[in-house]
Every structure is written in structure tokens, then in C-alpha cells.
Amino acid sequence: MNGRIALALTLTLSTMGAVTSVLSKASDYDLIIQNGRVIDGSGRPAFNADVAIKGDRIARVGNLGGARAKRTIDARGQIVAPGFIDMLGQSESFLLIDPRAMSKVMMGVTTEITGEGESIAPLNNRILKEQEDFNRRYKLTVDWQTLGQYFNRLEKQGSGVNLGTFVGATQIREYVIGYDDRPPTPAELEQMRKLVADAMKDGALGVSTSLQYVPARFAKTDEIVELAKVAHQYGGIYITHQRSEANAIDDSMKEVFEIARRANIPAEIWHFKTAYKKNWGRMPEMLRRIGAARRQGLKITANVYPYVAGSTSLSACLPPWALEGGTDRMIARLKDPQTRARLKREITTDARDWENIYLGSGGPSGILIGSVTNRDLETWQGKRLSEIAAAQNKDPLDALLDFIIDDHGQTGAIFFMMRESDMQAALKSPFVSICTDSGARATDGPLAGSKSHPRGWGTYPRILGRYVRDQHLMPLEFAIRKMTGLPASNVGLRNRGLLREGYFADITIFDPKTVIDRATFEEPNQYPVGINFVVVNGQIEVDQGRRTPALAGRVLRGPGYRH
């Protein structure tokens, strides 16, 4: 070969190599987050590092000087953390109505766990009849019966958050037995066990209960143990809204431990609390009991939201017998004068055999109307029951019962029943993670017309701003672990909850100096400030504080999933 030609060819190849190298570097990563302070979700101290994302995974964490990406975020002065995991959301239906999951994503939540006793499936005509009012208001077409069919619909539609769910023992009981106060027959119990197994194979994370409420309250411990054993066979856990959070909490805690022991299954307590004034100050004792159970080998954990009010249906003010048989039979009882007189007596009498949330909240002044299904009642949202009774010139109990009738038992209410020091004690515990116990809503769109508990809009920024930064209740790394690594570990989420190479790229970037919630009980529908970027499975869903069109969430199936 001619020397001059050879030299030219060498130079050409060298130049091509340089160009190829530049092109390779330009497409090394899809996103680099640089100059941030990383808190990885494990509890270890914060450290300075860059984070690179390729596709839906974290590709590198470290010094990425010289690396290039399609998009770079300068996170100087900000915290780069795993996306927050809501250990109890209520968005399974809301995501089908508005898939953006706005109130969750805007506060840094990338994953939601749901299925509190009543889960999204299985469904039959009896259950669908009870859901008619909600589905009609939001024009929700139900085209699934099993959990697998629901997951397929959610995947086809898209979602702003990852979603994992438990199968509810309440749902199973409603499917097989209905709303009656009786035990299952042997054949019915076998059918219930099979339904749990089917849901576990569809991807449920385990089995759940909501034992304070009818008809779940009618289930005995033995029944729950049998269903929990099935969940254990598929690698799931047991999670519960325990039978009592107030006057009978001692026996209720014993039941949680008994179920965990007999079914040989990890157990978690949802929205842990010591409710009603007579139980204020007892949270440290309850935490010690969990600690003792853990030392004995039981895997017991819990979660909490950072507010002193809870939220549930307004009809929870009624004793269990008044709710038996479903909504139509409940309404008929409330309209009957003699039954109404009996209800007034029982609601104003303290009891240990049921959760009298009306008295526990201090009566009508401690109850605030949140969401309604009947649009004619929307003007009362954000008002106390005492205000409504005065405006209607009614006895407070008549106002309560009439409101339940007028909204066909669909009203969501807020109950002020806890003490701040108890909530903070739970918040500081190392085995307690974080939840909202609230569905994803938005300030616009089909879910904008109703109000809800502020926890659904501000839980995580409230902890980061109020309790970590302002009150120094806990270190920031400790708080982030409770929002990310701990819940992921508790429910067995694979490759999520930590900022590590190979993990899914669920990331929240926030300003530790400004992050704070803005939602109040009276005006909850307000997004927080200081949550600047949210990445879900590698896609940016919040960009400089603004929601993008991305719907990058995925279905998260449990360990028993069978393709």
C-alpha cells in the first residue's frame, strides 16, 4: 500500500473512532442527575454523587464527570432520594378515572400499595351493586372480575404511579358470604381460600383485613388465619386495619400477633394509632409490645400518617348491627323511627364491643365532611357536622343520620381522634413506615369536585419539612428510609426503594430548605412546594415542579405471580 494512502487511511479511521466515541458518550445515558446530595433509602448517611439512568434503570451512582446524557438535571443544593412508597393508598379505582395520580406524584410518591380489606377484585354482581353510586358518578365502567383482569386494564391505560395491591379478606367475604353476620360453611371457607390463591397467582402482595368495619368485623380469627396461610404459601404477607385502634386495642394487638404466629406470616398494621381521648398516651406501650413480639421472632411492622385526624366513611359512626346486610338495608333502618331512636342511644353510649368513632372524636364538632357522591351535598364539604346541624336546625344525631341517607352511605368524613405526641412516637419508630391512606386526586379533572383528607396531598413534604427540618424529630436519612427502603422491604418489592445500580429508576428530588405541605383540613386540595423532580421508571413525571404528560407507572405483582 502507498505510504501516503496508508497514512490517510489511518487518520480517517482515527477520526471515525473519535466521532464514534463522542456519539457513544452522547448516548451513554438517558438522564444524569448531577451535583445532588444522595440519600439512598438504606438509612446510611447522605453522600455527594451523580446518578445516571439508562432506560428504566439506575445505571450508575458515583462521579460521572465527562459522561453525557440526553438530559441532565443539576440537583445542586437538593436531595436525590428514591421515589416515595405510599404503604396505603386508595387509588385503585381513582387511577382508572384520572391516571395522572396528581396529588401523589406531586408530593414525590412513585409507588402506591393498596387493597385495604376491600380490594379491587374479585368482583361479582353483589359487590358491584354496592359500588353503583360511585361508579355512576365517575362514569367508571367495570370490565374486570379478577385481579389479573384489573391489572391488564391498568397496564393498557397507563398510570402515574406504580401500583401493588393486597387481596382483601373483606372482599373475599363479600364475594362468598355477602354482608351477613355469620361464619362461612366449610365449603364457603374452601371457596374463600381458593379466591385468595387465585389472587396471589395474579400478583397480590398478600392478604389484608379491615376488621373495624362491617362485614370484615364479622370474621373470626380462625377464618383470617386460614386465608393468611394461603397468602403465606405464595410468599405474601398479612396486613391489617386491626379490629380496634381504641378501646379494645389490647385484644386487637394480641389478635395481630396470633394471626402472624399461627399462619407463620409477616404482619403489618396499617395506619397505626391509639385513638380516642381515653387512649391518648398509650402509643409508647403499643410500640413496646411490637418490639417484644419482634424479639420473639414475629415479623411485625406498621405504618403511620403524620396527622391527628383519621378518615373513613361517615357511616362508620353506626354500630355494626346497623350496617349488616348492605347499604339498602342500612338506609331502611335509618328511616325507621324506632330503629333511629335506638341508634341515637347507642351512638351516645361508650362501648368496648365496637369502635364508637362518633364519641371518640368528641361528637359533631370533631367530625368534618370530606367527600360526597351526591352532588347536591357538595356545599357541605369542608364543614363540621356541628356546623351542618346548626345550619339545618337539627339535632346533631339527626343531621348525621340524614346525611348518611342523603348520600346513600357514600360520604367520606374526617375524624379528629388522636394526639400529636402519640403520632410522633410512632413516626420515630424504626419499624414504622409511612402511608397516606388516601386516593390520588387532582385540582382539575374528574376528581377535582370533592375534598379529602390533607394527608393525600401533603404527607411526605409534611414529614420532610415540619418534622425533619423544623422540629428535628428525626434525621433526614432515617425519614427517607421510612418512605422508601423500609416499605419496599416489608412488602417484598424487588429492585425498588433504594438508589442503587440496577434498581428501577424511581427517584424524587426535593429542596430540603423549602419542602413543605400546603394542604389543610378545610382546604386540602393544594399541592406541596419543594418537590422539584419526580422520575418514575426512568421517565420524568415532575419537571421543575410541573407535571409532565408521562404515565410511567407499572403494575407491581407479588411473589406468587404466575405468568
Side-chain angles (χ1 to χ4, degrees), residues 16-42 44 46-85 99-101 104-105 108-112 154-155 158-164 480 483-485 487-489 492-510 531-557:
M16 288 178 61
V19 171
T20 302
S21 176
V22 170
L23 290 174
S24 175
K25 283 188 176 181
S27 59
D28 274 349
Y29 304 111
D30 295 310
L31 175 64
I32 291 178
I33 303 165
Q34 61 185 17
N35 303 322
R37 187 83 171 149
V38 171
I39 297 179
D40 69 3
S42 69
R44 65 183 283 201
F47 56 96
N48 295 323
D50 304 324
V51 178
I53 296 168
K54 183 76 171 178
D56 61 358
R57 302 274 182 155
I58 297 170
R60 281 191 62 192
V61 178
N63 186 346
L64 295 173
R68 299 189 183 184
K70 297 174 184 176
R71 169 78 188 271
T72 299
I73 293 174
D74 187 351
R76 194 181 312 273
Q78 299 185 70
I79 299 297
V80 182
F84 305 147
I85 297 173
R100 296 174 299 166
K104 296 296 179 74
V105 174
V109 170
T110 59
T111 295
E112 180 181 302
L154 188 62
E155 286 179 324
S159 166
V161 293
N162 303 309
L163 185 84
I480 294 296
M483 300 174 178
T484 58
S489 174
L493 300 183
R494 293 184 291 273
N495 297 319
R496 296 189 190 269
L498 299 175
L499 272 183
R500 287 186 179 167
E501 295 176 4
Y503 275 55
F504 288 98
D506 296 337
I507 298 173
T508 293
I509 305 173
F510 63 92
I531 304 291
N532 297 322
F533 296 90
V534 178
V535 179
V536 181
N537 294 308
Q539 297 188 40
I540 299 174
E541 292 203 6
V542 175
D543 193 340
Q544 299 182 77
R546 296 181 180 179
R547 185 69 166 86
T548 74
L551 297 174
R554 295 178 181 172
V555 167
L556 304 183
R557 294 177 174 88

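This chain uses plain numbering: 1 for the first residue, then up along the sequence.
The side-chain hydrogen bond (donor to acceptor under 3.5 Å, both in side chains) search around T111 returns N162, not counting sequence neighbours. For the side-chain contact (heavy atoms from CB on, under 4.5 Å) test, residues two or more places apart in sequence or in another chain that qualify with T110 are D506, T508, V534, V536. For D74, the side-chain hydrogen bond (donor to acceptor under 3.5 Å, both in side chains) criterion is met by N35, not counting sequence neighbours. Residues meeting the salt bridge (charged side-chain N to carboxylate O under 4.0 Å, His left out) test with R547, sequence neighbours left out: E541. Remark: R71 pairs with D543 by the salt bridge (charged side-chain N to carboxylate O under 4.0 Å, His left out) rule, at least two apart or across chains. In this structure, Q539 has no side-chain hydrogen bond (donor to acceptor under 3.5 Å, both in side chains) partners at least two apart in sequence or on a different chain. The salt bridge (charged side-chain N to carboxylate O under 4.0 Å, His left out) test applied to R57 returns no partner, not counting sequence neighbours. Considering only residues two or more places apart in sequence or on other chains, R557 meets the salt bridge (charged side-chain N to carboxylate O under 4.0 Å, His left out) condition with E155. Judged as a side-chain hydrogen bond (donor to acceptor under 3.5 Å, both in side chains), and not counting sequence neighbours, the contacts of S42 are D40. In this structure, the side-chain contact (heavy atoms from CB on, under 4.5 Å) partners of R37, at least two apart in sequence or on a different chain, are A46, N48, I79.
Across all non-hydrogen atoms, the minimal contact from P99 to G158 is CB-O, 3.3 Å. A pairwise comparison of heavy atoms in Y29 and K54 identifies CA-CD, 4.1 Å as the closest pair. Taking every heavy atom of both residues into account, A75 and V80 meet most closely at CB-CG2, 3.9 Å. Of all heavy-atom pairs spanning D28 and R68, the tightest one is CB-O, 3.7 Å.
For residues 49-84, every residue pair satisfying the ring-ring contact (aromatic ring centres under 6.0 Å, His included) rule, not counting sequence neighbours, is listed here: F84-Y460.
Within the model, atoms CD of Q544 and CD1 of I509 stand 10.5 Å from one another, a figure rounded to the nearest 0.5 Å. The structure places NZ of K70 at 11.0 Å from CG of L31, a figure rounded to the nearest 0.5 Å. Between the CZ atom in F510 and the CD1 atom in I480 there is a gap of 4.0 Å [rounded to 0.5 Å]. Note that CG of N537 is 12.0 Å distant from CG of L551, once rounded to the nearest 0.5 Å. In this structure, L493 CG and I85 CD1 are separated by 5.5 Å, a value rounded to the nearest 0.5 Å. One distance of note links CD1 of I32 with CD1 of I53; it measures 9.5 Å at 0.5 Å rounding.
Residues D50 and N63 have side chains in contact (heavy-atom distance under 4.5 Å, counting atoms from C-beta outward). Looking at heavy atoms from C-beta onward, V542 lies out of side-chain contact with F533 at the 4.5 angstrom threshold. Side chains of T72 and Q34 form a contact here, defined as non-hydrogen atoms less than 4.5 Å apart.
Residue L499 is tested with I39, I58, I33 for a side-chain contact (heavy atoms from CB on, under 4.5 Å); the sole match is I58.
In this structure a side-chain-to-backbone donor-acceptor pair under 3.5 Å is missing from S159 to G553.
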